[in-house]
Protein chains: 2
Amino acid sequence: MASVSRAMNGGSGVTAETSERIHAAASRLQYVPHAAARMLITRRSNTIGALLPDLYGEFFSELIRGIDLAARARGFHLLVSSSHDGAEEAAAAVRSMQGRVDGLLILSARVDAAFLRSNLPKSLPVVLINSAVNSTAHAVLNVDNFGGASAMVRHLLQAGHSSVAFIAGPKSNFDAQQRDQGYRTAMAKYAPNAPIHIVAGDFTEESGYRAGRELLAQRTRPRAVFAANDMMAVGCLTAFKEAGLRVPQDIALAGFDDIPVARYVTPPLTTVRIRIVELGRIALEHLVAQLDKADPAPASVQTLGCEIVVRDSCGAGTA
Amino acid sequence: MASVSRAMNGGSGVTAETSERIHAAASRLQYVPHAAARMLITRRSNTIGALLPDLYGEFFSELIRGIDLAARARGFHLLVSSSHDGAEEAAAAVRSMQGRVDGLLILSARVDAAFLRSNLPKSLPVVLINSAVNSTAHAVLNVDNFGGASAMVRHLLQAGHSSVAFIAGPKSNFDAQQRDQGYRTAMAKYAPNAPIHIVAGDFTEESGYRAGRELLAQRTRPRAVFAANDMMAVGCLTAFKEAGLRVPQDIALAGFDDIPVARYVTPPLTTVRIRIVELGRIALEHLVAQLDKADPAPASVQTLGCEIVVRDSCGAGTA
DNA sequence: GGCAGCAACGTAATCGTTTTCATGCAAGTT
DNA sequence: AACTTGCATGAAAACGATTACGTTGCTGCC
């Protein structure tokens, strides 16, 4: 019956008394409108999809939490598809989400402009998180990796460490590239005479350990080491401890991300904090904004700031 | 056209040649079947819902990963709704998932038998994870908190620690209750003459710290302390360090969960490991099994084992 | 009192797929 | 050669909501 629909959706053109009767009957019969039927005619699912790579622990859960909270606050459901290593898998995931979601949140290093063009109907609103894609066709939300890394390098230099080495992340990773750039730029600006000193890493604890040993084996040991993420910093810390070095007295250490572990290692790790819940929330709200106005492409690029968290590992201790 | 449907779903009754032509046309037009229309007639969404409480970091992400991987392997989508503190919110979430999901995975301390009865149509397959509900109407998948706790107490006693104190979790929490029982039972069995020594906690790091101080303030100090989860063990460790005690020489310490932090504190924490990814995977497969056979209620209760991870904090060091 | 106008409500079309049923064609059987 | 059998295919109903449109009945004005 048409009046039922009007009453249930709070529409106008129904007597208060009729609406009352309908609601009473609905709750008595435990009536719930059939989602599929509504989707079919409305062409809206009130669901947004999140496409995530196989990323680790804390970052993942915080991001989902941010997205989920914001989604529920706006009456949207959240369809998750995580753990995509290859572009293959991601493409399959995107296709199978077709039509089930009103919009898509994508966080994936493997997704580039070509991928988007060939796998997404251009009518589907998308927000890319931490993506190198610089398309004018999609909204992009990035973390200020560059600014965070620069600020950390500056902090280390100002704390009196004359030389700062950098443990890089995987070359293909966009975040890693930006952090690398931040290091180089800040070094050139604040310590133009100090050497640029970079060793390779791949964001794993193991690679941080190897990088730490490599640094100690070289003839000139840096005064401070800045790892492109916290896990590598933790691995590096192990290497330093094994070598009998004291942190921060003999060598300072800093990381990036502020994962929970950073607080618990000894000494606690100075790092760059990303407000992950916030990242998820903002991404979702951008997406919802796109849905509301039928504008084809806002194509905004927003950057979320980071903040430096000073703990004991860099020798400019809080206490 | 009917043949299109048959061809797309790999049904029989279509010539190879016709099927070929249809698939060619489909990919040329980038045709994707409309999910809602299919749901409407099929009465299946190929989606399962996960209802989760506001749980922290690693556990959450690992659980989702396990569920997601298993779901994708079986062609199901995953609709997530997390961060439910109250029964109110959980009820709303359940209702709004009505009809969008073929089955529900529920992990929530607040959900009891009455809740299920009043909020779920009994036709909807459900698997409860770590739930105190002992209903015969729903499948339940639990972690062997009791066995894990018993085994840890036994391990501590056999390592030569004559007395073992326990830092309990929140009274209302089902896991905490079972771990408490495990402690009591193992103490009675393996050290019938040693005192039962329990201090309160609530699973937070802060409460572990307070418990640690409380233990030290009492006139008889236990030889070993077993915290009902790792976060409390970490807090407790801080208290011990502040008091100048050496772990494990002066006092041994063990936790439960094996969260990543356990490996990184100094000394690394002996703990009970839960295979979380496995937990998620098994839960999902139980649910899917329910979907396939239209059996009304399997009502099975399965328990997933734990294993003890021995690190340095309990004085029975690996190395 | 009659007619215009408006609000409330019901009828029916619609969304895109699955599925049942009927149709037609080809081959096999007597 | 006629009839049965079987299979590929198309036509049409069904799923359950939304919504445009038409109908009813009331109010109020002339």
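Proteins come first, then strands; the chains are lettered A, B, ... in the order of their sequence lines, and each starts at number 1.
- Take Asn229(A) and apply the side chain to side chain donor-acceptor pair (under 3.5 Å) test, not counting sequence neighbours, and it matches no residue.
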Requested in this report: Take Asn145(B) and Phe174(B) through the side-chain contact (heavy atoms from CB on, under 4.5 Å) test and state the conclusion after the steps.
Outcome: CA-CA 9 Å; Asn145(B) 291 298; Phe174(B) 182 58; 5.5 Å; no

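- Between the axis at the start and the axis at the end of the helix from dG1(C)-dC30(D) to dT30(C)-dA1(D) there is an angle of 60°, using five pairs per end and rounding to 10 degrees.
- Protein chain A contacts DNA chain C from dA8(C) to dG16(C), reading 5' to 3' and using non-hydrogen atoms of the protein with a distance under 4.0 Å.
- Applying the side chain to side chain donor-acceptor pair (under 3.5 Å) rule to Ser82(B) yields the partners Asp68(A); only residues at least two apart in sequence or on another chain are considered.
- Just one of Ile48(A), Val127(A), Leu124(A), Leu287(A) meets the side-chain contact (heavy atoms from CB on, under 4.5 Å) condition when paired with Leu104(A); it is Leu124(A).
- The CG atom of Asn9(A) sits 11 Å away from the P atom of dA17(D) (whole-angstrom rounding).
- Side-chain atoms of Thr42(A) never come within 3.5 Å of backbone atoms of Met39(A) as a donor-acceptor pair (strictly under, hydrogens ignored).
- Take Gln30(B) and apply the side chain to side chain donor-acceptor pair (under 3.5 Å) test, not counting sequence neighbours, and it matches no residue.
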Query - Chi angles and distances behind the salt bridge (Lys or Arg N to Asp or Glu O under 4.0 Å) call for Arg179(B), Asp257(B) - result: CA-CA 11 Å; Arg179(B) 292 172 193 180; Asp257(B) 283 347; 3.3 Å; yes

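- Among residues two or more places apart in sequence or in another chain, the side chain to side chain contact (heavy atoms under 4.5 Å, CB included) test is passed with Thr47(A) by Ser45(A), His77(A), Leu79(A), Val101(A), Leu79(B), Arg100(B).
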What's touching nucleotides 7-9 of chain D from the protein side, N or O pairs under 3.5 Å?
unit_1 : atom_1 : unit_2   : atom_2 : d
dA8(D) : O3'    : Thr15(B) : OG1    : 3.0
dT9(D) : OP1    : Thr15(B) : OG1    : 3.4
dT9(D) : OP1    : Thr18(B) : OG1    : 2.4
dT9(D) : OP2    : Thr15(B) : N      : 3.1
dT9(D) : OP2    : Thr15(B) : OG1    : 3.3
dT9(D) : OP2    : Thr18(B) : OG1    : 3.1

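- Listed by chain and residue number, nothing satisfies the side chain to side chain donor-acceptor pair (under 3.5 Å) test with His34(A) (two or more places apart in sequence, or in another chain).
- Judged as a salt bridge (Lys or Arg N to Asp or Glu O under 4.0 Å), the pairs with a partner in residues 28-55 of chain A (not counting sequence neighbours) are, in order, Asp54(A)-Arg65(B).
- Take Glu17(A) and apply the salt bridge (Lys or Arg N to Asp or Glu O under 4.0 Å) test, not counting sequence neighbours, and it matches Arg21(A).
- Residues that satisfy the salt bridge (Lys or Arg N to Asp or Glu O under 4.0 Å) test with Arg95(B), not counting sequence neighbours, are absent from this structure.
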I'd like a table of atom pairs between the protein and nucleotides 14-16 of chain D - only N or O on both sides, under 3.5 Å - with the distance next to each one.
unit_1  : atom_1 : unit_2   : atom_2 : d
dC15(D) : O3'    : Arg43(B) : NH1    : 2.9
dG16(D) : OP1    : Arg43(B) : NH1    : 3.4
dG16(D) : OP1    : Arg43(B) : NH2    : 3.0

